[in-house]
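Only one structure is covered here, and it is reproduced in the block below.
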Amino acid sequence: MKDHETCNPLPTSAEQGVCGAAQDDRLADTGAMADAFAAMEGYSVVSAMHGQRGEPDGMRASASGVCAIGVMAKVPRPGFSKTRLCPPLRPEQASALSAAFLRDTTTNIARAARSVPISGYAAYAPVGAEETLVPHLAQGTRRVLADGSIPVPDGVEGFGRCLLHAIRQLFAAAHPAACVLSSDIPTLPTEFLVAAAQALLVGDDRRVVLGACDDGGYYLLGMRVPHARLFADIPWSTDTVAAATRMRAAELGLDLVELPPWYDIDDAAALERLVRGQDGSDAVCTRRALQMLGLEAFGRSPCVA
């Protein structure tokens, strides 16, 4: 993370062409996509305005001994989602991929929770977006507001306010450890999430976990207490975010555990890696979206999006 910016029958490559010449309003219907993604996973989507109401029975377990992982989430919307991918993608395509990323990322958290005590959250913004966001989340994902509208120490600005807001919300839910996670990492290996939770559920309050991205940002930051200074005076939207966070952790005398690096998908090169690669988690919804959007040949032709 450097800053914050269902498989409904979408047009196939035969329908829209590899170059995406045809427009199709179905690409913008992310609500229908969410229903189709849910059907793939074998359950129906139930929207909820507040708290735990959208969770299935049995998901309201105590937070004691459970690491919270909150995905920094925004409702997929053409023209607002994954704008760094436009071009080469059209806004409708970018929004469709954003919806798939969010579903796969929250599903990945749920998969990790089978191995270690984890509770998955969507840390969302703005106020009022929760009902629209719920259909894009894996079943059982809880929601917390993280729009940065809280008092923060000097130096915590921009995206840092949202990250700190998310961390504080997760600790307010009585979790002994909490992580913020990028929503742009649908292929992140599940074992990375397992390792983060395992590292945070032992040790003392100095323990911090960082998962750096190839582009200089980070995909995960976890801690046992809300260290506000980890979000202060960080040069967001640059390739030095992870490095600055490491330096801040050292200044604070924290015990930093680093996860293996991974990549987030926020530019054309990363999108090409996603299309070509088979590494990491299976990212079922993302792979299906790429297929239905006609992006399987991305990077192999000068006329793709």
Side-chain angles (χ1 to χ4, degrees), residues 1-8 10-11 16 20 23-38 45 47 70-108 122-138 141 143 145-148 158-159 162-163 166 180-188 213 215 217 219 236-237 263-275 283 285-295 298 304-305:
M1 291 179 286
K2 291 189 292 188
D3 58 19
H4 196 28
E5 276 202 313
T6 288
C7 291
N8 189 48
L10 298 172
Q16 75 171 48
Q23 296 286 339
D24 192 321
D25 290 340
R26 289 176 293 171
L27 288 174
D29 189 1
T30 54
M33 288 181 60
D35 289 336
F37 285 152
V45 169
S47 293
V71 180
M72 303 304 293
K74 295 190 295 185
V75 177
R77 293 173 57 198
F80 295 86
S81 301
K82 305 303 300 169
T83 55
R84 290 179 180 176
L85 291 177
C86 301
L89 301 185
R90 300 194 312 273
E92 295 82 3
Q93 292 175 310
S95 177
L97 280 183
S98 178
F101 291 177
L102 190 54
R103 176 54 65 90
D104 281 329
T105 301
T106 52
T107 297
N108 203 13
Y124 70 90
V127 173
E130 182 178 2
E131 184 177 21
T132 309
L133 180 67
V134 168
H136 299 288
L137 307 175
T141 303
R143 284 83 60 197
L145 179 66
D147 63 355
F159 189 38
C162 298
L163 291 171
V180 284
L181 182 70
S182 171
S183 61
D184 297 336
I185 48 167
T187 63
L188 184 74
C213 290
D215 64 2
Y219 61 83
W236 306 109
S237 301
Y263 72 104
D264 56 359
I265 302 154
D266 62 0
D267 59 23
L271 178 60
E272 182 175 349
R273 176 175 175 179
L274 171 68
V275 171
C285 294
T286 297
R287 296 296 177 192
R288 181 61 172 161
L290 289 170
Q291 177 186 12
M292 300 308 290
L293 288 166
L295 295 174
F298 185 85
V304 174

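Only a predicted model underlies this, so the values are computations on that prediction, with no experimental measurement involved.
L188 places a side-chain heavy atom less than 4.5 Å from the side chain of L181. The closest side-chain heavy-atom distance from V75 to Y124 is not below 4.5 Å. You'll find the side chain of L97 reaches within 4.5 Å of the side chain of L271, heavy atoms only. Side-chain contact between I185 and N108: absent, with no pair of heavy atoms (C-beta onward) separated by less than 4.5 Å. L133 is listed as a side-chain neighbour of L102, based on a closest heavy-atom distance under 4.5 Å. Side-chain atoms of T286 and I265, non-hydrogen and from C-beta on, never get closer than 4.5 Å to each other. No side-chain heavy atom of Q93 sits under 4.5 Å from any side-chain heavy atom of L290. Within the 4.5 Å cutoff, no side-chain heavy atoms of F101 are placed close to those of S183.
A289 and A100 make their closest contact through CB-CB, 3.9 Å (heavy atoms, listed as atom of the first residue, atom of the second, distance). Here the closest heavy-atom approach between residue R287 and residue V275 is recorded as NH1-O, 4.1 Å. Between A138 and T106, the closest heavy-atom pair is N-OG1, 2.9 Å. Nearest approach of A99 to P76, heavy atoms of both residues: CA-CG, 3.6 Å. Nearest heavy atoms, S81 versus A94: O-CB, 3.5 Å.
Residues D264 and S182 bring no donor and acceptor atom of their side chains to less than 3.5 Å of each other.
Looking at residues two or more places apart in sequence or on another chain, you find a side-chain contact (heavy atoms from CB on, under 4.5 Å) between D147 and A125, V127, L145, S149, H165.
When the options K82, H136, R77 are evaluated for a side-chain contact (heavy atoms from CB on, under 4.5 Å) with S98, the one that passes is K82.
The CG atom of L274 lies 10.0 Å from the CZ atom of F298; values are rounded to the nearest 0.5 Å. For the atom pair CG of D267 and CZ of R273, the computed distance is 11.0 Å after rounding to the nearest 0.5 Å.
Side-chain N or O atoms of R103 include one that pairs as donor or acceptor with a backbone N or O of P135 at under 3.5 Å. At distances below 3.5 Å, not a single donor-acceptor pair connects side-chain atoms of D266 with backbone N or O atoms of D184.
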Going through the checks in order, is the side-chain contact (heavy atoms from CB on, under 4.5 Å) test met by M72 and T105? CA-CA 10 Å; M72 303 304 293; T105 301; over 6 Å; no
